[in-house]
Every structure is written in C-alpha cells, then in structure tokens.
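Only one structure is covered here, and it is reproduced in the block below.
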Amino acid sequence: MSDAIRELARGGEVVIVGGGLAGLFCALKLAPRPATVISAAPLGKGASTAWAQGGIAAALARGDSAEAHAADTIAAGAGLVDEDIAISLAREAAGRIDDLLRYGVPFDRDLEGRLALGREAAHSARRIVHVRGDMAGQAIIAALTQAVRESPSIRVIEGFVAEALLVEDNAVTGLRVRRLDDVTARPVTISASAVVMATGGIGYLYAATTNPQEASGLGLAIAARAGAVIADPEFVQFHPTAIMIGRDPAPLATEALRGEGATLINNRGERFMTARHPLAELAPRDIVARGVFAEIAAGRGAFLDARQALGKRFAEKFPTVYASCLAGGIDPAKQPIPIAPAAHYHMGGIAVDARGRSSIHRLWAGGEVSSTGAHGANRLASNSLLEAVVFAARIAEDIAGSSISQPAGLLGEQPVPRNCALPARSAHNLRTMMSSHVGVIRDGKHLAAAVRAFAALERDTGNIALRNMATTALLVAASAFGRRESRGAHHRSDYPAENKALARRTMTTLEKARQIAGELDETRRNTAQPMIA
Ligand SMILES: Cc1cc2nc3c(=O)[nH]c(=O)nc-3n(C[C@H](O)[C@H](O)[C@H](O)COP(=O)(O)OP(=O)(O)OC[C@H]3O[C@@H](n4cnc5c(N)ncnc54)[C@H](O)[C@@H]3O)c2cc1C
C-alpha cells in the first residue's frame, strides 16, 4: 500500500476527488480546514482546466451588468437554464476573479492597469478575462497548484483514481480508490464524511474529443451507481472545429480564427455554412457543428480555410493552433485545415442545488461533473470556468457550516478482485459508438441500439473502469433517447423541432436508464417474435 494513501489515516475530514479548477479552488477555499485532494493525473495534467484557451466570463466592463450576463446565459441555454442560478452566478463572478488574482493568476490588464476584457460569441459585451491571449487554463492551473502545494492544510494524493462511492442510508461513508500505474494493485477504501466530486467532464467517452483521457465520466458514474440523481445528461456540447490530424484527443482550432475571417469549406472548395445560417461561419456553435457534421456525413469533408484571412500572419496570431497543424503535416498558411466536430463540454452531470449538494447526503459536486442548471441545453462560452469557481466556493462555505465530525481515514485494502488494464478494444468500441450513435445528430433507432449496447456492457463487464464508462454512456444515451425533440446541443433528426411542452430539465437515475434499456430489449424481443395465429 502506498505511503501517500496510508497518510489518509492521519485524518482530514473532506475528500475532494479531482485536481482541476473546481477541486483545487474548493480545497483553497476550505483552508485552513483540512482537505485531501485525490487526483487521477498529477496536478496540472489530465484536467480540461489546463487546456482552456478562452478565459472566464465576468461582467466587469463599464456598462455591462450581471443581469446582461445572465440574459446571455439564459438565451444560450435554449429554455432550460435555471434563471436564479444564472443571475447569482453572474453576480458572484467579480468576487471569484478577485480570489483568483489573490491566488496568483496573472490575468491580462489594459494600459490603465484594469483587467483586459475580451469578447466571445453570444456575449453581448466584452467580458472574458484571459491570460497571455489563449493561455488562461495553463496559467490558472499553475497558480492554483502552487497555492495548494504551499497550503499546509491541503494534502494532495496523485495517481489514484476513485472507482466507487460507499453510501449507507443515502449518506456518504467513504470512497474506494485505486492506484493508476499498477494494474495489479488492490483497491483501497477510505472513510470520509464529506466527499466533493470534481472529476470534470465526459468528452473522452467519444472517439472525437477535445478533452483529456481523464474526462471519461468516471465521477458521474460512481455517483450514479451510488444512487445520485443525474441532471440533463443528454446535453453534450460539440466543438465544430477540432483539428483532424490523427491525434487523440484532437487539438482545437479556436473560434477566434473564424472571427478573423477564416471560412469553412468542403473538399470541392464550397463554403457550406452560407446556405445554413445568415451568420454563416459565425452562427452559434451547435449550428456550425451540425453543418460540419452534415458535410462530412455527405462525404464532402470539412476544412477550415485561413489562407486568405490570415495567410502568413497565422503563425504569429495563433501560435498554438499553428504548432498543432505543423505537427500534423499541415501548413495552415497554405493549406485548409481538416476539421470535425468533437465532444467538448458536458452540460449535464450530478444534479446539485444552489449550495452544490447532490441528492446523496454529504456528497457535493462542482465543476463540469455537476449540473447546476446554469447551462441548460447549451453552455455559453467561458461560463464553465466561472461556474467551477463559483460553486467550488459555495461548496466550501456549505461544508464549513455543516456538522461533519468523523475524520477521514483508511478502512483498508479491499478483498475485491485485482484490476486488470482497461480493455482497449471494448473502450474503443464504446467511444466509437458514442460518436456515431449519440453524437452531433441523433435519431431514435441509433440511440436505442446504443442504450441496449451500453446497458449490456455495464451489466456484463468485469472491468471496473470500463463499467464506469459504460454507466455514464448509458445515462447519456438513455436520456437522449427519451428527449423526443431537438433543443440546444441535443439534435434529433427524427424530431428536428423544439417542443415547448418538453421545456424542462431531465432528472434521472441509473435505475431509470436501465429501465429504458430493459423496455427496449423487451420491445425488440416482441417485434422479433414470429406471429402465431
Ligand atoms: C480544449 C478546451 C478548451 C476550453 N476552453 C474553455 C474556456 O476558455 N473557458 C471556459 O469557461 N471553459 C473552457 N473549457 C471547459 C473548461 O475547461 C472545463 O469545463 C473546466 O476546466 C472543468 O473543470 P473541472 O475542475 O470541473 O474539471 P477538470 O479541470 O477536467 O479536472 C478534473 C480532475 O479530476 C481528475 N479525475 C477525473 N476522474 C477522476 C477519478 N475517477 N478519480 C480521481 N481523479 C479524477 C482529473 O485527473 C482532473 O484532475 C475548455 C475545455 C477544453 C477541453
């Protein structure tokens, strides 16, 4: 057993799972109250936070207001945003940006020393704080990692993955974790009277994604398996311009390129977005993603063409994207960049209230793994980092006000079977099916097939990591099957219109998802049976 994990026996009441923005910010806000952060990847790695290019939305400009920010958030969310959450999120933004500055995040400033504010699509004002252009994520994670490492009350345990929550009478009692780099290691059980789930998103459940491998929905799965209510799992945002150069995950070609005049063309050189939306390439993200998807599905391919708009200026203006292209053998100053939509952000997650509390007693969730109601059916750009800090702070405050007495400690090694490595082929098949059946454009037939396949996998596999991936995949597919309309990021070719009567959030459980799978199996058995007169 590792010394790091043995150290847990020394106590520490709160266990935070995840070392991205939500997890680290929560630990810092809890200080000097002891907290233990468990992270699958070493801090600074394996977290979407580190890859964020845009920044954080905050209504700080003269003439801007929290109300205007909330109105933009509500408009983007296609009828499903919780309006109280949206307005309170926007109001708390300034305070959390101040906190980040205190923790050492070097946000860009203008010539007068005020925070420089950038503009992003669907925001009605300049309101994005950023760092050195497109380096916000890296700078945030670097500053918070340093602040956490210097904080004596925070213990960090890296290289351990949480694989199950222990729950008695709907209250958390502990957590089962396992070493990542040793496939023969037995899982270790930790007692904990408060667990904060901050494990990030689910993008890596898809074959095409911009998310790190750690974003494979494990936190959502273990909460769901413990009985937690899951909200809006069907809503997955796809980024329209992931660069297709054979890298997994795919590098991102930022939206700012289209803002600079880069166009979207097919392999005949035709601009296909002009026929689809009056704003063409600058249409909302989900519409562009569907346009790109349709072009690829029709066999015409999709490319981002910056030859005219940027040409030789490309390398200087977009060094990160330029480097990614060159590494893939593309010179974007001279060649169109091959692109495809890729899973980017999960609006759904563990359902939480305004304090970050889940439906399981003493289980909180913050950041992308949670669903607060702030994003509805579609996230407004740069609101996710904001939501992560606002809710991480609320969770810390709520925990501080709760009576949590039992210290965390080691319960011992589990006699459950040793793990074996994630079966690569099965994981690959799951990811491929998520992209092809539960992707940008969905329909009942393919969703039903996916629901049945994921339900069978989560029931039958003996591999815990694969089972957790299948659990989250099942929740996404079953809710997408159940939502018979198109809304925000969820698009059904068999129900292409929004249905006003369905303008409510999904609240579901693993039990309900399994039930949907059971009914589909039943229907298939019945329809397959020959009629006997
Ligand atoms: C390329 C890219 C660009 C983006 N740009 C922006 C942007 O400009 N603005 C914006 O607002 N949002 C942006 N987003 C979204 C935003 O980055 C994320 O929503 C946010 O960072 C999520 O933070 P988090 O703390 O919830 O999760 P993460 O930062 O993903 O951290 C999750 C942590 O949990 C750990 N973990 C996962 N599973 C387990 C487990 N089972 N056990 C133990 N540890 C586990 C991981 O190792 C990691 O430490 C972007 C996302 C991507 C991928």
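As the structure is a computational prediction, the values presented were derived from the model and not from experiment. By convention here, the first residue in the shown sequence is residue 1. Scope of the values below: all heavy atoms of this structure, side chains included, with no hydrogens, waters or symmetry mates.
His346 and Asn211 form no side-chain donor-acceptor contact under 3.5 Å, judged by distance and modelled atom types alone. Defined by atom type and a distance below 3.5 Å, a donor-acceptor pair is present between the side-chain atoms of Glu270 and Asn266. A donor-acceptor contact closer than 3.5 angstrom is absent between the side chains of Arg514 and Thr509. A donor atom on one side chain and an acceptor atom on the other are not found under 3.5 Å apart for Asp82 and Thr372. Between His446 and Asp443, the side chains place a donor N or O and an acceptor N or O closer than 3.5 Å (distance only, hydrogens not considered). Inspection of the Glu158 and Ser39 side chains reveals no N or O donor paired with an N or O acceptor under 3.5 Å. Between the side chains of Thr173 and Glu168, not a single donor N or O lies within less than 3.5 Å of an accepting N or O.
Taking every heavy atom of both residues into account, Ala302 and Val292 meet most closely at CB-CG1, 3.7 Å. Taking all atoms of both residues into account, the shortest heavy-atom contact from Ile141 to Gly19 is CD1-O, 3.9 Å. Pairing each heavy atom of Ala377 with each of Ala78, the nearest pair is CB-CB, 4.1 Å. Closest of all the heavy-atom pairs between Leu304 and Ile339 is N-CG1, 3.9 Å. Between Pro212 and Ser48, the shortest heavy-atom contact is CD-OG, 3.4 Å. Taking all atoms of both residues into account, the shortest heavy-atom contact from Val236 to Ala343 is CG1-CB, 4.3 Å.
At distances below 3.5 Å, at least one donor-acceptor pair connects side-chain atoms of Thr472 with backbone N or O atoms of Gly217. Of the possible donor and acceptor atoms, none in the side chain of Thr199 sits under 3.5 Å from a partner among the backbone N and O of Gly18. Judged purely by atom type and a 3.5 angstrom limit, Ser358 has no side-chain atom pairing as donor or acceptor with the backbone of Ala228. In this structure, Asp248 contributes its side chain and Ala208 its backbone to no donor-acceptor pair below 3.5 Å. Judged purely by atom type and a 3.5 angstrom limit, Ser191 has no side-chain atom pairing as donor or acceptor with the backbone of Gly174. Arg505 contributes no side-chain N or O that, together with a main-chain N or O of Ala231, makes up a donor-acceptor pair within less than 3.5 Å. Checked by atom type and distance alone, the side chain of Asn526 never pairs as donor or acceptor with a backbone atom of Asp521 at under 3.5 Å. No donor-acceptor distance shorter than 3.5 angstrom exists from the side chain of Asp72 to the backbone of His123, with no hydrogens or angles considered. Between the side chain of Ser435 and the backbone N or O of Thr432, no donor-acceptor pair lies under 3.5 Å. Side-chain atoms of Thr49 come within 3.5 Å of backbone N or O of Leu21 as a donor-acceptor pair.
Once rounded to the nearest 0.5 Å, the distance linking CG of Asn378 with CG of Asn383 reads 11.0 Å. Remark: Leu474 CG to Ile516 CD1 distance equals 8.5 Å, nearest 0.5 Å. The CD1 atom of Ile395 sits 11.0 Å away from atom OG of Ser402, with the distance rounded to the nearest 0.5 Å. One finds the CZ atom of Arg394 at 9.5 Å from the CD atom of Glu387 (value rounded to the nearest 0.5 Å). Of the inter-residue distances, the one linking Arg452 atom CZ with His437 atom NE2 reads 9.5 Å to the nearest 0.5 angstrom. Between Glu485 atom CD and Asp494 atom CG the span is 12.0 Å, to the nearest 0.5 Å.
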Start with the C-alpha distance between Ile337 and Ile245, add both sets of side-chain angles, then the distance that settles side chain to side chain contact (heavy atoms under 4.5 Å, CB included), and finish with yes or no. CA-CA 9 Å; Ile337 308 166; Ile245 45 170; over 6 Å; no
I'd like to know whether His361 forms a side-chain hydrogen bond (donor to acceptor under 3.5 Å, both in side chains) with Asp169, so could you lay out the CA-CA distance, the side-chain angles of the two residues, the decisive distance to 0.1 Å, and finally the verdict. CA-CA 9 Å; His361 198 43; Asp169 296 331; over 6 Å; no
Query - side-chain hydrogen bond (donor to acceptor under 3.5 Å, both in side chains) between Asp232 and Ser479, worked out - result: CA-CA 8 Å; Asp232 300 335; Ser479 293; over 6 Å; no
(request) Take Ile16 and Val195 through the test side chain to side chain contact (heavy atoms under 4.5 Å, CB included) and record every step on the way to the result. (result) CA-CA 6 Å; Ile16 299 169; Val195 171; over 6 Å; no
Apply the test side chain to side chain contact (heavy atoms under 4.5 Å, CB included) to residues Phe391 and Asp398: give CA-CA distance (whole Å), side-chain angles for both, the deciding distance (0.1 Å), then the verdict.
CA-CA 10 Å; Phe391 274 80; Asp398 196 40; over 6 Å; no
Problem - Test side chain to side chain contact (heavy atoms under 4.5 Å, CB included) applied to Leu175 and Leu166, step by step - result: CA-CA 5 Å; Leu175 192 68; Leu166 309 184; 5.9 Å; no
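Using a 4.5 Å heavy-atom threshold, the side chains of Arg178 and Ile464 count as touching. By the 4.5 Å heavy-atom criterion applied to side chains, Val369 and Val17 are not counted as neighbours. Val288 places a side-chain heavy atom less than 4.5 Å from the side chain of Met273. The shortest side-chain heavy-atom distance between Leu363 and Met197 falls under the 4.5 Å cut-off. In this structure the side chain of Arg225 never reaches within 4.5 angstrom of the side chain of Leu165, judged on heavy atoms. With contacts defined as side-chain heavy-atom distances shorter than 4.5 Å, the pair Arg247/Ser324 qualifies. Counting only heavy atoms from C-beta outward, the side chains of Arg492 and Leu447 approach each other to under 4.5 Å. Using a 4.5 Å heavy-atom cutoff, the side chains of Gln213 and Pro249 are not in contact.
For the side chain to side chain donor-acceptor pair (under 3.5 Å) with His490, the lone residue among Arg442, Arg483, Glu234 that qualifies is Arg442. With Tyr345 as reference, His375 is the one residue of Arg379, His375, His239, Gln237 to meet the side chain to side chain donor-acceptor pair (under 3.5 Å) rule. Exactly one residue among Leu218, Leu430, Val438 makes a side-chain contact (heavy atoms from CB on, under 4.5 Å) with Leu205. That residue is Leu430. The only member of Arg258, Arg276, Arg271 that meets side chain to side chain donor-acceptor pair (under 3.5 Å) when paired with Glu281 is Arg271.
A search for side chain to side chain contact (heavy atoms under 4.5 Å, CB included) contacts involving Thr461 returns Leu457, Asn463, Leu466, Arg467, not counting sequence neighbours.
For the pair Arg484 and Phe481, the distance from NZ or CZ to the six-membered ring centre is under 6.0 Å and the angle to the ring normal is within 45 degrees. Relative to the six-membered ring of Tyr206, Arg431 misses at least one condition, a distance below 6.0 Å or an angle of at most 45° to the axis. Figure legend: cation-pi geometry between Arg290 and Phe293 absent, as NZ or CZ is not positioned both under 6.0 Å from the six-membered ring centre and within 45° of its axis.
With a 6.0 Å radius and a threshold of 12 heavy atoms from other residues, nucleotides or ligands, Glu83 has its CD atom at or below the threshold.
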